[in-house]
Structure formats: structure tokens, C-alpha cells
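Here the structure is a predicted model, which means the values were calculated and not measured.
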Amino acid sequence: QVQLVESGGGLVQAGGSLRLSCAASGRTFSRDIMAWFRQAPGKEREFVAAISGSGGTIYYANSVKGRFTISRDNAKNTVHLQMNSLKPEDTAVYYCAAKPNGYSSLKPQYDYWGQGTQVTVFS
């Protein structure tokens with residue numbers, strides 16, 4: 001059974017930092033594209049960041065570039081999202097996702113999803 005389990009969300013003041021983690025199990029993810037998406041209340045789920053299987057290629061949404069860092073540890077089947085300089089507009093449920101083969105920022109192309117972790121940034 002494939003599972004993605006997110007952790008690390010919480011309540012943080014604007015300007016602060018959080019580190020999200022996603023633990024994957026049930027298949028070999030080392031060749032998969034791993035990504036983070038987020039969904040704010042009343043809004044569509046949007047792409048945040050993605051990382052290739054080797055970790056050598058990384059993509060960010062413009063809204064988080066320079067503030068967020070995605071990384072992965074294939075030995076532990078985990079992917080992380082370090083979020084710095086957080087803003088109230090970063091408030092959302094953050095989801096981990098995985099897909100085989102090539103990069104995409106489109107959520108329908110991702111096969112596996114976690115349940116999400118809430119991030120709330122207050123000013």
C-alpha cells in the first residue's frame with residue numbers, strides 16, 4: 001500500500017520558518033518526481049516545488065522562490081520543504097505528491113498524494 005505522510009506543519013508568526021517532511025512507503029520512490037502543493041481556503045490546489053529523483057533538478061513556483069527549499073533523502077524515502085520568511089499568504093494545507101517519469105506542475109499528473117499538513121502564518 002502506497003503511503004505519503006506529511007508532518008511538520010503548525011502555527012508560525014510571519015517571518016518565521018517551518019520544515020515540512022513527507023515520509024513515503026509502499027513503493028520505490030527514488031526515481032519519482034516528488035513535489036509539494038498547497039491549498040488555501042477557497043482556492044485551487046497549487047504547485048509549490050518539485051524535485052527530480054536524483055535531486056539534481058528542482059522547480060519552484062515564483063511565489064516561493066528564494067524562500068522555500070525542497071530536498072530529498074532517497075535512503076530514507078523522505079522529502080522535505082524548508083520554508084523561510086513565511087508570509088500570511090503562505091497559509092494553506094500543504095500536500096506531498098509523487099509521480100513517475102518527468103516533471104510536471106499539474107496536480108492531475110501526480111499519482112500519489114498525502115493527506116496534507118496545515119500551515120498557518122499569522123501577522
Side-chain angles (χ1 to χ4, degrees):
Q1 180 182 0
V2 175
Q3 276 194 315
L4 298 177
V5 180
E6 302 95 337
S7 62
L11 185 66
V12 64
Q13 192 168 19
S17 298
L18 281 175
R19 187 177 190 240
L20 305 183
S21 296
C22 173
S25 61
R27 64 179 259 117
T28 300
F29 286 90
S30 59
R31 296 182 180 180
D32 287 355
I33 301 293
M34 301 295 294
W36 289 94
F37 287 75
R38 67 185 181 186
Q39 187 166 15
K43 294 189 176 181
E44 293 289 320
R45 193 171 300 188
E46 65 176 5
F47 172 79
V48 174
I51 186 167
S52 64
S54 68
T57 304
I58 289 174
Y59 303 88
Y60 294 103
N62 287 335
S63 59
V64 307
K65 203 172 292 184
R67 300 187 298 123
F68 291 10
T69 303
I70 190 171
S71 62
R72 67 189 296 162
D73 182 342
N74 286 337
K76 296 181 179 178
N77 261 2
T78 57
V79 62
H80 304 284
L81 186 69
Q82 177 67 42
M83 306 187 295
N84 298 329
S85 302
L86 282 160
K87 305 175 181 180
E89 50 264 44
D90 294 318
T91 295
V93 177
Y94 283 71
Y95 297 90
C96 177
K99 69 180 294 293
N101 304 318
Y103 158 75
S104 174
S105 64
L106 303 177
K107 64 183 187 332
Q109 297 194 5
Y110 282 79
D111 298 317
Y112 306 104
W113 290 88
Q115 293 299 307
T117 185
Q118 176 71 47
V119 172
T120 303
V121 185
F122 64 94
S123 56

Subject >> Arg31: side chain to side chain contact (heavy atoms under 4.5 Å, CB included) partners, not counting sequence neighbours >> reply: none

Subject >> side chain to side chain contact (heavy atoms under 4.5 Å, CB included) involving Lys43 - partner list, sequence neighbours excluded >> reply: Ala40

**OP:** Evaluate the side-chain proximity of Arg67 to Tyr60: yes if any heavy-atom separation is below 4.5 Å, no if none is.
**Re:** no

Original post:
In Å, rounded to the nearest 0.5 Å, how long is the span from OG of Ser104 to CD1 of Ile33?
Top reply: 9.5 Å

Subject >> Spacing of CE belonging to Met34 relative to CG belonging to Leu81, to within rounding of 0.5 Å >> reply: 12.0 Å

**OP:** Grab the two heavy atoms, one from Arg38 and one from Ala92, that are nearest each other, plus how far apart they are.
**Re:** CB-CB, 3.8 Å

Subject >> For Thr57, side chain to side chain contact (heavy atoms under 4.5 Å, CB included) partners two or more places apart >> reply: Ser52, Tyr59

Original post:
Looking only at heavy atoms, which two atoms of Arg72 and Gly53 are closest? And how far apart?
Top reply: NH1-CA, 3.4 Å

**OP:** Of all the heavy-atom pairs spanning Asp32 and Ala98, show the shortest one and how long it is.
**Re:** OD2-CB, 4.2 Å

**OP:** Decide if atom CD of Glu89 counts as having more than 12 heavy atoms of other residues, nucleotides or ligands within a radius under 6.0 Å.
**Re:** yes

Subject >> Between Ser21 and His80: side-chain donor-acceptor atoms closer than 3.5 Å >> reply: yes

**OP:** Scan for disulfide (SG to SG under 2.5 Å) pairs involving residues 18-123, sequence neighbours excluded, and state none if there are none.
**Re:** Cys22-Cys96

Original post:
Given the rule in the side chain to side chain donor-acceptor pair (under 3.5 Å) test, do Asn84 and Ser17 qualify, once you have shown the distances and angles that lead to the verdict?
Top reply: CA-CA 4 Å; Asn84 298 329; Ser17 298; 2.9 Å; yes

Subject >> Test item: side-chain donor near acceptor, Glu6 and Thr117, under 3.5 Å >> reply: no

Original post:
Taking side chain as C-beta onward, heavy atoms only, is Met83 less than 4.5 Å from Tyr94?
Top reply: yes

**OP:** Given side chain to side chain donor-acceptor pair (under 3.5 Å), test Gln82 with Thr69 step by step and report yes or no.
**Re:** CA-CA 5 Å; Gln82 177 67 42; Thr69 303; over 6 Å; no

Subject >> Ile58-Trp36 co-clustered via ILVMFWY side chain contacts under 4.5 Å >> reply: yes

Original post:
Once you round to the nearest 0.5 Å, how far does NZ of Lys99 lie from CG of Asn101?
Top reply: 6.0 Å

**OP:** Could you walk me through whether Trp113 and Phe37 pass the ring-ring contact (aromatic ring centres under 6.0 Å, His included) test, one step at a time?
**Re:** CA-CA 10 Å; Trp113 290 88; Phe37 287 75; 5.0 Å; yes

**OP:** Establish whether Val93 and Phe47 are linked, either directly or via other cluster members, by ILVMFWY side-chain heavy-atom contacts under 4.5 Å.
**Re:** yes

Subject >> Val121: side chain to side chain contact (heavy atoms under 4.5 Å, CB included) partners, not counting sequence neighbours >> reply: Val12, Ala14, Leu86, Pro88, Asp90, Thr91, Val119

Subject >> Validation row: Leu4, Tyr95 side chains within 4.5 angstrom (heavy atoms) >> reply: no

Original post:
Remaining members of Phe122's ILVMFWY cluster at a side-chain heavy-atom cut-off under 4.5 Å?
Top reply: Leu11

